[in-house]
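Worksheet: one structure, shown below.
The figures here come from the full heavy-atom set of this structure, side chains too, leaving out hydrogens, waters and symmetry mates. Since this is a predicted model, take the numbers as computed values, not measurements. Just so we're on the same page: letters track the sequence lines, and every chain starts at 1.
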Number of protein chains: 2
Amino acid sequence: MARARNVPTLDDVARKAGVSTATVSRCLNSPEQVIERTRNKVMSAVEQLGYTPNFGARVMAAKRTFTIGAIIPTMENAIFARGLQAFQEELHTRGYTLLVSSTAYRPEIEAEQVRSLVARGADGLLLIGYARDPELYAYLHQRSIPALIAWAFAPNSDQACIGFDNRASMRALANTVISMGHQKVAVISGIVEGNDRADGRLQGIKDALVENGLDPSSMPVIETSYEIESGAKAFDQLMQSPASPSVVMCGNDVLAAGAMRRARELNLSVPDDISITGFDDIELARILTPALTTVHVPHREMGRRAAAELVRMVEQKSVGVSEQLESSLKLRGSLKSLN
Amino acid sequence: MARARNVPTLDDVARKAGVSTATVSRCLNSPEQVIERTRNKVMSAVEQLGYTPNFGARVMAAKRTFTIGAIIPTMENAIFARGLQAFQEELHTRGYTLLVSSTAYRPEIEAEQVRSLVARGADGLLLIGYARDPELYAYLHQRSIPALIAWAFAPNSDQACIGFDNRASMRALANTVISMGHQKVAVISGIVEGNDRADGRLQGIKDALVENGLDPSSMPVIETSYEIESGAKAFDQLMQSPASPSVVMCGNDVLAAGAMRRARELNLSVPDDISITGFDDIELARILTPALTTVHVPHREMGRRAAAELVRMVEQKSVGVSEQLESSLKLRGSLKSLN
DNA sequence: GCGATCAGTGTAAGCGCTTACATTTGATTC
DNA sequence: GAATCAAATGTAAGCGCTTACACTGATCGC
């Protein structure tokens, strides 16, 4: 409150350089409009004073922030890290800054964060997955804030998105698993409520069972949060139930890592006693022993393209084009053929 | 640019509620000053219009943002994730919002980000480690922006910090390693230049060698970026050199994970053929096979305390008190005693 | 040599909010 | 019922910046 008021302003710079504030502003924003001699004077004044433009004031006057907000469920594990990093890099080359915040998978926090980022002047928003209150979309629409949805793909939605088909990808993996002779499948899924990606993946497994004449309703499914520890606990539970599965399919690599850890702690050999699969193909997957069979998602590619498209939307060069990326299966040591 | 101008402002709300802008503002910021009947009118107008205060304008007028900025080297791996998550949670309970940005370990980008966050009105800043241009500290000081340094501890610095002694912690681990009979130590270190933590850890190993009458100058050291892949490559290099080490001590768990992966790919057994150690004790450490011997750092605790202290500083209730946390050794399967 | 043109610069009007200060309201007191 | 005073509300001055518009003095064509 009683903060030192020695922070230099545009006025100070102008006075020091002996020009008007308009000229200083132009030096900073469109230098080509200012003759070199003047510009030098101004720049050296800026330098000497250690002047940094006040962002709030700038936004108010100019209505553009060159800021993109991203709201992700969590930073605590690596699921979004890689894609987000690429997203940021790409934004940076285009002159935009990224602001990140996380929601801990709580919709009400997400809504709050959206408003906060919008109030902060985000020119556009990156959101994860579809499932959210339609009011939020209305809010963004009213404010004409472009939003792009990543990590999911649904062509029939009216929101632009970039991602892959979670359901089809998981179905493909499940089909492979079943074709290897696994009949007794158990699942450790992420929380499905409010999470279209988790839901899609679970449905994908069920699709595959049905296709292969198996009964999805008898399949043990545990829903739990996307944490290693949760994966471990869920694996425990699964192992205590009578119907002992030959394969545990996990909603993502993090859950799979937890399951594998617990398997080892229970002296179960993966994949000899039990097979385990993941989803995402984050770095984790390759350093596990045995390496994890999973679905590879082109995270970096997705982040990069998302940045490109979102910037296009912000600059009104696009109304938002959806793009589907291909995932691919990575068959590694954690899955064993029973044939 | 041609953005729809249908975004409601304070004025709109005031008009709709039939009161002055001051009253609306008070309803939002200190509701107890407004009588209930008026407040209800105002709130319902806010509701109907879908009004969100313009952050920039608010900052300009009020000089406070309740925003804390954090600048971390990377979000791509989990080193900072856990601590940062705790940091954010604690901030949230105290009514502050966190803005995160990352620097990819590049000092010039860090300086840029500092300015950007300050311009955005961050009331305080969380920085990682000491090593940075003194000018940056001067800049923050001039602007009276409190900054707290985390993940490092140096009591003699004039910057407030919260962390642990990287050098002593690593020395303790190295001493244990040596006491287990390892004489041939090799190191995969993070890039030391501009990174006091990486440097401290490396020095800690050398300290231990000296204490035990070994020659640190003959110890193979590879400096590389904190990535799994880099750890793997470095391990390769180390194995190709003639002096085959009995233990590879890594600057952090991520490097160690890479080293272990490569060891497996080279058909070297850990720990029978070679021992490997890490630093940080991120979740990774426990899911590796064998589990990684490492130094446990209380990341969450650090994040939580950092938030508390930084808020205190911002609210001028503290000038910045440094706090040292204890690390501890986690001896796990990746380190084998030769005695 | 004179007006047209134009690059370079200055002037000043906001942008949407908070808050010191002024004013009004209404309860309380005698 | 008038005087008093605190509580509730209104008025208006900025906060630091951008930018439309106005101005100045060269440069140019004829």
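Relative to the six-membered ring of A:Phe87, A:Arg304 misses at least one condition, a distance below 6.0 Å or an angle of at most 45° to the axis. A cation-pi contact, defined as under 6.0 Å to the ring centre and within 45° of the axis, links B:Arg64 to B:Phe66.
Residue B:Thr9 is in sugar-phosphate contact alone, with no base atom involved, counting any heavy-atom pair closer than 4.0 Å across all strands shown. Contacts of B:Val19 with the nucleic acid, taken as non-hydrogen atoms under 4.0 Å apart, involve only primed sugar atoms and P, OP1 or OP2. Among the protein residues, A:Tyr51 comes within range of the sugar-phosphate backbone only, with heavy atoms under 4.0 Å from sugar or phosphate atoms but none that close to a base.
Proximity of A:Asn29 to the phosphate of D:dT18: a side-chain N or O atom is located under 4.0 Å from OP1 or OP2.
The separation between A:Leu10 atom CG and D:dT18 atom C1' is 9 Å, rounded to whole Å. If you measure from atom CG of B:Leu49 to atom P of C:dC17, you get 11 Å, rounded to the nearest angstrom. Counting to the nearest Å, the C1' atom of D:dA20 and the NZ atom of A:Lys63 are 15 Å from each other. Atom CZ in B:Phe55 sits roughly 12 Å away from atom C1' in C:dC17 (whole-Å rounding). Here D:dT19 presents its P atom at 12 Å from CG of A:Leu28, a figure rounded to the nearest Å. For the pair B:Asp11 CG and D:dG10 P, the computed distance is 13 Å after rounding to whole Å. Put simply, CG on B:Asn54 is 12 Å from P on C:dC15, counting in whole angstrom units.
Other residues, nucleotides and ligands place no more than 12 heavy atoms under 6.0 Å from the CD atom of B:Glu193. With a 6.0 Å radius and a threshold of 12 heavy atoms from other residues, nucleotides or ligands, B:Glu315 has its CD atom above the threshold.
Closest to the side chain of B:Thr23, out of C:dC17, D:dT9, D:dT18, is D:dT9. The side chain of B:Ser20 has D:dG10 as its nearest neighbour among D:dG10, D:dT19, D:dG16. When each of C:dT9, C:dT19, C:dG16 is scored by its nearest atom to the side-chain atoms of B:Arg26, the top-ranked nucleotide is C:dT19. Minimum atom distance to the side chain of B:Ala22 is reached by D:dT11, of the listed C:dC15, C:dT18, D:dT11. Of all nucleotides listed (D:dG14, C:dA12, D:dG16), D:dG16 comes nearest to the side chain of A:Ala61. Side-chain proximity of A:Met60 to D:dG16, C:dC17, D:dT19: nearest is D:dG16.
Residues A:Tyr51 and A:Leu10 form a side-chain contact, since some pair of their non-hydrogen atoms from C-beta on lies under 4.5 Å apart.
The residues A:Glu309 and A:Arg305 are annotated as not salt-bridged, no charged nitrogen and carboxylate oxygen being separated by less than 4.0 angstrom. Residues A:Glu110 and A:Arg106 are not paired through a salt bridge, judged by the lack of any N-O separation under 4.0 Å between the basic side chain and the carboxylate.
Proximity of residues 34-42 of chain A to DNA chain C (heavy atom under 4.0 angstrom from any strand atom) is restricted to A:Val34, A:Ile35, A:Thr38.
Closest of all the heavy-atom pairs between B:Gln113 and B:Ser102 is NE2-O, 2.7 Å.
Where B:Val24 and A:Glu32 meet DNA chain C, the nucleotide closest to each residue was compared, and A:Glu32 sits on the side nearer the 5' end.
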